[in-house]
Colleague: 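Dropping the structure in here first, questions after.
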Amino acid sequence: MGLLKVENLSHRFADKVLYENGSFNLYKNDHMGIVGQNGAGKSTLMEIIIGQVLPDEGSIKWQANVKIGHLDQYADVDRELKINDYLQLAFSELFAIEQRMTALYEESAVSGDDEPLLKAAECQEQLEMHDFYAIESTINKIVVGLGIDAIGIDRQMKTLSGGQRAKVILAKLLLEKPNVLLLDEPTNFLDKEHVEWLASYLNEFQGAFIVISHDYEFLEKIATCICDIEFGTIKKYNGKYSAFLKQKEHLREDYIRQYSAQQKKIKETEEFIRKNIAGINTKMAQGRRKHLEKMDRLTEPNFTQKPTIKFKEVPLASHKVLTVNHLSVGYDQPLLKDLNFSVLGNQKIVITGFNGIGKSTLLKTLVGVNPSLAGGFQFAPQVKVGYYEQDLIWENGLLTPIQVVSDAHPKLTVKEIRRHLAQCGVNDKHVTQAVGTLSGGEQAKVKLCILTLKSVNFLMMDEPTNHLDVDAKEALQEALIAFQGTVLLVSHEEKFYRDWADKVLSIGQDFE
């Protein structure tokens, strides 16, 4: 057995089968990426693996004494702690040994007894074995690698944004050096430079890890095997992500042929039963009905219809559509000061920069969510802004996607809403579920759907690719390329924008 054995795993969510009899092993030094379309059950699988969710059937067996490290971005932390103090908690056992050693030295000095001195020497040996005296440099390596030094390690945890907090929690997890790392979308809150650093770190990681990610360039760099969730199955492929794609394409084609043949057989059998259940062939019809009931039906392929995103445009004639003069943005204190720039009509600009430096705050200020702290900005009179906020927050998470879209666009019929949601890639089975229970990717698609129904000529989008699967990313990319208006996009994913952006502005450099 490897480090982890998942056997005969079956689990449903509402009326949807996520997995049926799924099995795979995680071996020592396996660097595993988990992939699948939005809503396939990737995060649920991670929750089952760590014991937060009990599966309907099957078993999860970890090797004894395995130290597991799970990235929980929402973990409870002492908000009063400074970042450096929080990171030092990763070495709490070593600090406890140091305290014991100091006490033993003091005891020996008072009593003159050699026994405390010998015990203190054992403590000293333990500390040296675990590089205790290099803790400061070890912490600094992670702090610099993840860009936490730009935040400042003397900042209190309570002052951090959600992305900054997640980054610090990830840093502590890496410092703890577990045997197995479990990371769900770790690149969502990292900037390009820090994604590169994390990829290098994981490549050198001596243990095993499981990473859920929609950043396929990242997976290509770090993964030695891929666990794919599709059609209610879980299948492990050995090799890099690109090798997995080639294998999967052949399997997909074969699966579609099998599914189509089975559907044809089912329809023919159902038609025979309907015609003969009450006639002279009734026994034969009853036999075929029993056979049909026992048939292991293949799950309907959910990749056959890719999203087709298209924004609803209105003309934009102005040469200069946004002018920013000496603008300062932030909360109690400015994050960005004295910004001066302008945006031209039909221009597509991407904003990059360290996480937490103020990119999202800038967009929120420009759309009126946050007040400016100083200076100002002005849009051209005919500008109609469409804003996509990266946070998946709903006024009422119990509403269904149909109800959420209807509230935003009350003139639409339910049939029209269903069609628009389907075009944005929201599965028909999910349009009547509570939106707060959907996967992050599905929720992002609902938000995109609402935006596509608004007449706009200036799109402001904050990390829209977070959570989206490859098909949805491609559809959004095509929609932004086709969009004739202006785009101001915050993104850390260079592959998404590098072929179509007119200008890339780096906060901290171009804005200084």
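All figures in this text were calculated on a predicted structure; none of them were measured in a lab.
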Colleague: Return yes if a side-chain donor-acceptor contact under 3.5 Å exists between Q403 and S406, otherwise no.
Modeller: no

Colleague: With a 4.5 Å cut-off on side-chain heavy atoms, are F205 and L174 touching?
Modeller: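 No, every pair of side-chain atoms sits at 4.5 Å or beyond.
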
Colleague: Check whether any side-chain N or O of K348 sits under 3.5 Å from a backbone N or O of L480 as a donor-acceptor pair, and report yes or no.
Modeller: yes

Colleague: Hey, what's the ring geometry for F496 with W500, parallel, tilted or perpendicular (30° and 60° as the breaks)?
Modeller: perpendicular

Colleague: Under 3.5 Å, is there a donor on one side chain and an acceptor on the other for S360 and D462?
Modeller: yes

Colleague: Looking at F379, F483, Y388, F311, which one forms a ring-ring contact (aromatic ring centres under 6.0 Å, His included) with F458?
Modeller: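 Single pass found, and it is F379.
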
Colleague: Would you confirm whether Q347, through its side chain, and L344, through its main-chain N or O, come within 3.5 Å as a donor-acceptor pair?
Modeller: yes

Colleague: Among Q477, K473, E493, Q390, whose side-chain hydrogen bond (donor to acceptor under 3.5 Å, both in side chains) with T465 holds?
Modeller: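 Answer to the side-chain hydrogen bond (donor to acceptor under 3.5 Å, both in side chains) test with T465 among Q477, K473, E493, Q390: E493.
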
Colleague: Under the side-chain contact (heavy atoms from CB on, under 4.5 Å) rule, what do Y387 and L366 come out as? Steps first, then yes or no, please.
Modeller: CA-CA 10 Å; Y387 173 53; L366 293 175; over 6 Å; no

Colleague: May I ask you to check if K235 and Y237 form a cation-pi contact, with NZ or CZ under 6.0 angstrom from the six-membered ring centre and within 45° of the axis?
Modeller: yes

Colleague: Evaluate the criterion side-chain hydrogen bond (donor to acceptor under 3.5 Å, both in side chains) for residue pair H214 and E185; output intermediate values, then yes/no.
Modeller: CA-CA 7 Å; H214 288 118; E185 296 286 5; 2.7 Å; yes

Colleague: Report yes or no: do E313 and S455 form a side-chain donor-acceptor pair below 3.5 Å?
Modeller: no

Colleague: Short question: side chain of N203, backbone of A199 - any donor-acceptor pair under 3.5 Å?
Modeller: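 Here the side-chain-to-backbone pair exists.
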
Colleague: Flag the pair Q378 / L322 as yes when at least one side-chain heavy-atom distance between them is below 4.5 Å, and no otherwise.
Modeller: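 No; the side chains remain at least 4.5 Å from each other.
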
Colleague: Please check if the side chain of K167 supplies one atom and the backbone of L146 the other of a donor-acceptor pair under 3.5 Å.
Modeller: yes

Colleague: I would like to know whether V35 and I229 meet side-chain contact (heavy atoms from CB on, under 4.5 Å); could you show each step before the answer?
Modeller: CA-CA 6 Å; V35 300; I229 305 175; over 6 Å; no

Colleague: Do we see a donor-acceptor contact under 3.5 Å between the side chains of D471 and Q37?
Modeller: yes

Colleague: If you apply the rule salt bridge (Lys or Arg N to Asp or Glu O under 4.0 Å), what do you find for E442 with K42, and how did you get there?
Modeller: CA-CA 13 Å; E442 290 167 309; K42 301 182 294 296; over 6 Å; no

Colleague: Checking L327 against V329 for the side-chain contact (heavy atoms from CB on, under 4.5 Å) test, could you report, in this order, the C-alpha distance in whole Å, the side-chain angles of both residues, the deciding distance, and whether it holds?
Modeller: CA-CA 7 Å; L327 179 66; V329 302; 3.8 Å; yes

Colleague: Charged N to carboxylate O below 4.0 Å: is that the case for D191 and K359?
Modeller: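 Yes, this pair counts.
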
Colleague: Would a distance-only check, ignoring hydrogens and angles, find a side-chain to backbone donor-acceptor pair under 3.5 Å from S260 to I256?
Modeller: yes

Colleague: Taking E196 first and then K192, would you say they form a salt bridge - that is, a charged N and a carboxylate O separated by under 4.0 Å?
Modeller: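 Not counted as a salt bridge, because no side-chain N and carboxylate O are separated by less than 4.0 Å.
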
Colleague: Take N38 and K445 through the side-chain contact (heavy atoms from CB on, under 4.5 Å) test and state the conclusion after the steps.
Modeller: CA-CA 9 Å; N38 294 138; K445 289 172 185 175; 3.1 Å; yes

Colleague: Is a side-chain N or O of Q164 found less than 3.5 angstrom from the main chain of I151, in a donor-acceptor match?
Modeller: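 Side chain of Q164 to backbone of I151: no pair is present.
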
Colleague: Can a donor-acceptor pair be found, under 3.5 Å and without considering hydrogens, that links the side chain of Q206 to the backbone of E204?
Modeller: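 Yes; judged by distance alone, with no hydrogens or angles, the pair exists.
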
Colleague: Are V404 and W394 close enough that some pair of their side-chain heavy atoms sits under 4.5 Å apart?
Modeller: yes

Colleague: Any donor-acceptor pair under 3.5 Å linking the side chain of R155 with the backbone of T159?
Modeller: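 Present.
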
Colleague: Between R257 and D254, does the salt bridge (Lys or Arg N to Asp or Glu O under 4.0 Å) criterion hold? Intermediate values first, please.
Modeller: CA-CA 5 Å; R257 282 194 294 270; D254 186 55; 3.7 Å; yes

